[in-house]
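Inspection log for the structure reproduced underneath, given as C-alpha cells.
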Amino acid sequence: MYSLPALPYAYDALEPTVSANTLHFHHDKHHAAYVTALNGLLNGDDQGSLEAVIKAAAPGKVFNNAAQAWNHAFFWDAMSPTRTAPDDALAAAITAAFGDLAGLRAAFVTEGVGHFASGWVWLVVEGGALKVISTHDAATTVTQDGVTPLLVCDVWEHAYYLDHQNNRKGFLEAWFDTLANWSLADAQFAASTGTGQAWAYPLPA
Ligand SMILES: [Fe+2]
C-alpha cells in the first residue's frame with residue numbers, strides 16, 4: 001500500500017500564499033483521494049516503487065492516480081516556509097539558461113499562466129540544461145527519460161482558487177517569490193549530475 005506522505009511543514013506555514021484551508025483540502029482530500037484510489041486499483045498487490053508503476057501504466061485510472069500521487073508529494077517538498085536561494089552550481093545553470101533568476105521567474109510564470117486548464121509547471125534539467133515546461137492533467141516528468149524535475153507548481157484550480165480565486169498569475173508569482181524550495185532544486189540538480197539520489201516517492205509498506 002502506498003502511503004500519503006505527511007506535509008513537511010505545518011498547515012499554516014505557507015500562509016499567506018497558500019492558506020491552511022487550502023492545504024487541508026489539497027493534501028487531506030485531493031492528494032489522499034489519489035492515494036486511496038491507487039491502492040484500491042492495485043488491490044493490495046506489491047507494485048514496487050511508485051515511479052515503476054507510473055512508467056508501466058497505460059493511459060487510464062492507474063496512471064492518473066499514481067502520477068497525481070507522485071506529483072503532489074513532489075509538490076509539497078518543492079515548497080518551503082523558509083526562504084532559500086539556489087546554490088552556486090544551480091545559479092550558474094540558471095544564468096546560462098535564463099540570464100538570471102528574474103528571467104527564470106518570468107519564464108515560469110508565463111508557462112503557468114499560458115497552460116490551458118489543469119496541469120503542472122516544472123523547472124527541469126535535461127542534458128545539463130535547465131528548461132521550464134508544463135504537463136497536462138496528471139502527466140508527469142517521471143515518464144520523461146533523461147529529465148529530472150527540480151521544482152513543480154500545481155496549476156489545477158484546487159491549488160489556488162480558495163486563496164487567489166482566478167488569479168493564477170498572482171499565485172505563480174507569489175509561489176515563486178515566497179515558497180519555491182531551492183534546497184530541493186539544488187539536490188535534484190546535483191542528482192542529475194550523479195551526486196546523490198533524485199527525489200523518490202516513499203516505497204509501499
Ligand atoms: Fe493538486
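All ligand and atom numbering here is 1-based and tracks the order in the structure. Bear in mind that the values here come from a model prediction, so they are computed numbers and not experimental data. As a basis for the values below, the full set of heavy atoms in this structure was taken, side chains included, without hydrogen atoms, waters or symmetry mates.
- Checking each of T148, I133, L130 against V124 for a side chain to side chain contact (heavy atoms under 4.5 Å, CB included) leaves exactly one that passes, namely I133.
- Looking only at N/O/S atoms, H72 comes nearest to the Fe ion (ligand 1) through NE2.
- Taking 2.8 Å as the threshold, H31 does not count as a candidate ligand of the Fe ion (ligand 1), since none of its N, O or S atoms lies below it.
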Practice problem: Step by step, work out the salt bridge (Lys or Arg N to Asp or Glu O under 4.0 Å) result for K55 and E51. | Solution: CA-CA 6 Å; K55 290 176 181 176; E51 291 79 9; over 6 Å; no

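- Dense packing is recorded around OH of Y9, with more than 12 heavy atoms of other residues, nucleotides or ligands lying under 6.0 Å away.
- For D154, the N, O or S atom closest to the Fe ion (ligand 1) goes by the atom name OD2.
- At a cut-off of 2.8 Å, H30 does not coordinate the Fe ion (ligand 1) through any N, O or S atom.
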Practice problem: Begin from the C-alpha positions of T178 and T17 and carry the test side chain to side chain donor-acceptor pair (under 3.5 Å) through to its verdict. | Solution: CA-CA 7 Å; T178 67; T17 304; 2.8 Å; yes

Quiz item: Going through the distances and angles, do W120 and T140 end up as a side chain to side chain donor-acceptor pair (under 3.5 Å)?
Solution: CA-CA 8 Å; W120 302 83; T140 176; over 6 Å; no

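- Between NE2 of H26 and NE2 of H158, the angle at the Fe ion (ligand 1) works out to 90°, rounded to 10 degrees.
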